[in-house]
Amino acid sequence: MTTEANTDKPEAPELVAPGGTAGYAALAAGVLPQAAGLRTHYCGALRPAQLGEQVSICGWVARRREHGEHLAFLDVRDFSGIVQCVVDGAHQLRSEYVVRVTGTVSARPEGTENPALSTGEIELHDCVVEVLSAAEPPPFSLDARVDTDEVVRLRYRYVDLRSERMQRNLRLRATVLSALRRSMERDGFLEIETPLLWTPTPEGSREFAIPSRLQHGNFYVLPQSPQIAKQLSMVGGFDRYYQIARCLRDEDLRADRQFEFTQLDVEGSFLTEVEIQAFVEEAVAEAITAVTGERPEAASRITWAEAIDRYGSDKPDLRFGMELVDLGPLFAETGFNAFRAPTIKGICDEGGGGAPRARLDQLTERAKSLGAKGLVWMRVIETDGGLELESPVAKFLSESEKSALVEQMGAKAGDLLLLVADEHRLACEVLGQLRNDLGRPPVYEGPWRLVWVVDFPLFDGVDEDGRPQAAHHPFTMPHPEDVAKMDTDPLSVRAQSYDLVLNGWELGSGSIRIHRSDIQSKVFAALGISEEEAESRFGFLLGAFRYGAPPHGGFAVGLDRLIAILAGEENIREVIAFPKTQSGADPMTGAPKPLTDKQLRELGLRLPPKKD
Ligand code: ASP
């Protein structure tokens with residue numbers, strides 16, 4: 001937090017939301033409770049309206065500047081802002097001391113007001129300062145936070161959390177959670193807590209195991225999601241469940257992944273998938289509105305097959321065009337061998353024709369690294385005879401093919417055409433990736449474009465043994481029209497599963513679940529899960545289904561990333577109070593740490609001898 005009071009240097013940066021400022025302003029101003037206890041006001045709340053009043057504020061010394069021999073300016077900070085106090089003999093006060101200041105609200109002398117500060121028109125005079133707590137020099141100054149190594153910030157997270165950015169981000173997080181809760185509860189969803197000490201769940205990631213002290217050799221597993229528990233709550237008749245749930249997955253960490261993450265977890269009985277989606281969308285829209293002050297447009301809806309076909313991605317970013325154009329019919333009779341492939345598609349990068357050769361080579365390398373055999377590029381140029389294509393392959397195409405291509409791609413002089421000919425999914429996905437590389441704005445740049453991607457395939461390819469792999473989890477209901485194809489053509493079977501995508505980012509996924517044992521057996525059989533294995537892994541769920549399972553389905557929205565997007569942050573660690581580093585460590589607590597021999601014995605664990 002910068003605290004250059006009394007100068008015209010800008011104060012702490014404005015709370016500007018990527019999608020609009022109204023919501024953040026409301027956030028900053030709207031959260032102040034009635035001051036109580038040791039203080040009469042919050043630092044950031046003082047205004048000329050209180051001129052002449054004696055007030056008490058509490059907070060941390062953000063900065064002290066000597067002013068002549070005896071006087072000093074003391075900037076005192078709490079979460080709401082900063083107030084400048086003119087104090088006598090402040091020599092013993094150091095940065096981050098915790099103080100209570102009682103003084104009179106006075107107008108700042110003319111010309112010294114600071115419009116960048118909410119309290120910039122006033123200061124406190126005749127101050128009595130009480131030191132509530134002394135502080136060692138902080139490990140880094142909050143002014144220099146961004147230049148401080150992240151490990152140092154995480155080691156002293158409690159200091160870091162005082163920064164305006166962390167205060168803003170965690171308050172924004174709370175705003176999102178509370179909007180989600182409001183929306184879910186208004187729609188009749190009941191918050192039910194589910195166990196953390198649990199048993200394997202079928203999300204498919206590596207799990208954390210907790211040794212049992214009372215039953216040596218047995219382990220609990222931390223849930224990858226409340227998936228099974230929420231389904232059981234449907235069998236238990238709760239009708240509509242939600243939870244702001246912590247999920248735990250032992251996966252490699254990245255900027256957008258932590259071992260423990262938070263999701264809005266939802267399940268409902270006797271609902272159609274469209275109804276479930278509407279409840280989830282309403283909650284997400286309310287959360288976005290609460291933060292940004294702007295309600296996003298209603299989500300579009302697209303099938304998975306269409307998303308792949310038009311955008312080359314199951315997470316289509318609809319903020320920009322550059323759709324994939326199907327050129328199959330155009331080149332059906334072509335003499336150019338490289339274009340004789342099951343699929344040929346292209347994208348038009350408007351104005352991209354000026355790209356130098358080195359850039360085009362880079363794009364070609366990128367396409368190859370994504371699995372394409374090659375990439376055909378064509379610059380659209382203006383000649384006396386009209387539009388021409390400049391490309392190493394132009395000579396292999398007929399005049400009519402070239403002019404039809406320009407027309408179908410809607411190309412103008414100065415554009416760049418990129419074409420891939422290959423298997424359908426590969427050609428689409430390579431171009432989809434290039435489309436994103438060339439056109440996609442940062443995810444947090446508004447407008448907020450939500451899209452439901454529906455009818456995902458039930459199976460996602462096959463394993464080495466030719467077995468179909470579950471695309472979601474094995475309780476996902478096949479599309480009713482496709483159940484018959486389960487035995488004959490499993491890879492073409494669509495699922496009643498759906499994702500919600502925001503600006504090209506997958507916010508979450510869900511599905512209608514299988515509640516009938518005959519369909520479940522078919523799916524297990526297709527996945528190669530024997531009856532015994534199914535019984536040993538999910539027996540308690542299948543057992544429950546024998547006692548009367550309602551048709552049900554649900555969804556989970558990943559909240560850390562949504563909140564990071566709304567906060568304009570690249571890294572989800574900036575919106576989590578106490579995150580782990582990339583290597584899974586917590587520099588503040590030192591976790592993970594070894595256990596003592598006694599603890600290990602109690603847990604019935606023996607570690608292999610340490611290697612030298
Ligand atoms: N349990 C799923 C997940 O965490 C979401 C769902 O199907 O409700 O991805």
Side-chain angles (χ1 to χ4, degrees), residues 180 184 189-196 198-208 221-235 238-251 256-269 271-281 283-284 304 314-315 452-460 469-479 494-502 505-515 520 523 537-538 541 549-562 572:
L180 294 171
M184 295 315 294
F189 288 79
L190 185 76
E191 181 157 18
I192 301 177
E193 293 153 282
T194 53
L196 283 180
W198 193 242
T199 191
T201 37
E203 245 74 43
S205 311
R206 192 179 297 121
E207 293 163 319
F208 284 101
V221 161
L222 299 178
Q224 298 185 39
S225 83
Q227 183 62 38
I228 292 184
K230 69 175 168 177
Q231 290 192 239
L232 290 173
S233 77
M234 294 299 104
V235 183
F238 275 106
D239 203 62
R240 290 182 191 179
Y241 142 99
Y242 89 97
Q243 184 179 193
I244 306 281
R246 203 60 71 76
C247 305
L248 297 117
R249 301 184 189 181
D250 188 1
E251 296 182 306
D256 55 19
R257 199 186 271 169
Q258 286 274 303
F259 289 147
E260 46 190 309
F261 58 93
T262 307
Q263 59 187 33
L264 168 66
D265 200 46
V266 177
E267 198 76 9
S269 296
L271 295 172
T272 64
E273 76 168 78
V274 172
E275 287 163 335
I276 293 169
Q277 289 158 9
F279 288 132
V280 170
E281 183 179 333
V284 169
W304 175 86
D314 56 10
K315 302 181 248 306
W452 286 103
V453 181
V454 303
D455 294 350
F456 270 73
L458 186 64
F459 302 111
D460 193 14
Q469 298 288 291
H472 196 45
H473 48 62
F475 313 124
T476 305
M477 184 70 106
H479 202 288
R494 291 165 300 163
Q496 289 190 64
S497 78
Y498 32 85
D499 278 5
L500 181 59
V501 173
L502 172 66
W505 179 263
E506 181 195 322
L507 281 187
S509 53
S511 61
I512 297 295
R513 326 297 183 187
I514 300 172
H515 69 284
Q520 187 67 72
V523 172
R537 283 171 67 190
F538 320 117
L541 178 68
H552 61 286
F555 199 80
V557 186
L559 296 182
D560 301 289
R561 184 64 191 184
L562 171 63
I572 60 169

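For ligands, and for the atoms within them, numbers begin at 1 and follow the listed sequence. Since the structure is predicted, the reported quantities are computational estimates derived from the model, not experimental observations. Counting from 1, the numbers follow the sequence of the chain as shown.
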(message) Main chain of S233, side chain of E267: is a donor-acceptor contact present, judged purely on distance under 3.5 Å?
(response) no
(request) For residues Y498 and I512, determine if any side-chain heavy atom of one lies less than 4.5 Å from a side-chain heavy atom of the other. (result) yes
(message) Tell me whether H473 reaches ligand 1 (any heavy atom closer than 4.0 angstrom to a ligand atom).
(response) yes
(request) Please report the closest heavy-atom contact between Q277 and V454, naming both atoms and the distance. (result) NE2-CG1, 3.9 Å
(message) With a 4.5 Å cut-off on side-chain heavy atoms, are F261 and R561 touching?
(response) no
(message) Between ligand 1 and R513, is the shortest N or O to N or O distance under 3.5 Å?
(response) yes
(message) Suppose we measure from atom 5 (C) of ligand 1 to each protein heavy atom; which comes out shortest, and what is that distance?
(response) S509 O, 3.4 Å
(request) For this output row, return yes or no: ring centroids of Y242 and F279 closer than 6.0 angstrom. (result) no
(message) Check for me whether Q231 has a heavy atom closer than 4.0 Å to any atom of ligand 1.
(response) no
(request) Taking the side chain as every heavy atom from C-beta outward, state whether D265 and Y241 have any atom pair closer than 4.5 Å. (result) yes
(request) Please identify which atoms of ligand 1 are closer than 4.0 Å to at least one heavy atom of F555. (result) 8 (O)
(request) Evaluate the side-chain proximity of F259 to D250: yes if any heavy-atom separation is below 4.5 Å, no if none is. (result) yes
(request) Could you tell me whether some N/O pair between S511 and ligand 1 is separated by less than 3.5 angstrom? (result) no
(request) Determine the minimum heavy-atom distance between L180 and A283, stating which atoms define it. (result) CD2-O, 3.4 Å
(request) Using distance alone, decide if ligand 1 has a nitrogen or oxygen within less than 3.5 Å of any nitrogen or oxygen in Q224. (result) no
(request) Report, in ascending order of atom number, the atoms of ligand 1 lying under 4.0 Å from any heavy atom of A556. (result) 5 (C), 8 (O)
(message) I'd like to check which ligand 1 atoms, numbered from 1 as shown, lie under 4.0 Å from a non-hydrogen atom of K230.
(response) 6 (C), 8 (O)
(request) Give the contacting part of E506 toward ligand 1: side chain, backbone, both or neither, where contact means a heavy-atom distance below 4.0 Å. (result) neither
(request) Considering the heavy atoms of S225, write down every atom of ligand 1 situated less than 4.0 Å from one of them. (result) 1 (N), 4 (O)
(message) Rounded to the nearest 0.5 Å, what separates atom CZ in R246 from atom OG1 in T262?
(response) 4.5 Å
(message) I need the nearest protein heavy-atom contact for atom 1 (N) of ligand 1: residue, atom name and distance, please.
(response) Q227 OE1, 2.6 Å
(message) Which residue and atom name correspond to the protein heavy atom nearest atom 3 (C) of ligand 1, and how close is it?
(response) E203 OE2, 3.4 Å
(message) Are S509 and F456 packed together at the side-chain level, in the sense that at least one heavy-atom pair is separated by less than 4.5 angstrom?
(response) no
(message) Out of all atoms in ligand 1, which are within 4.0 Å of some heavy atom of H472? Include the element for each.
(response) 7 (O)
(message) For Q263, state whether at least one heavy atom is located under 4.0 Å from any atom of ligand 1.
(response) yes
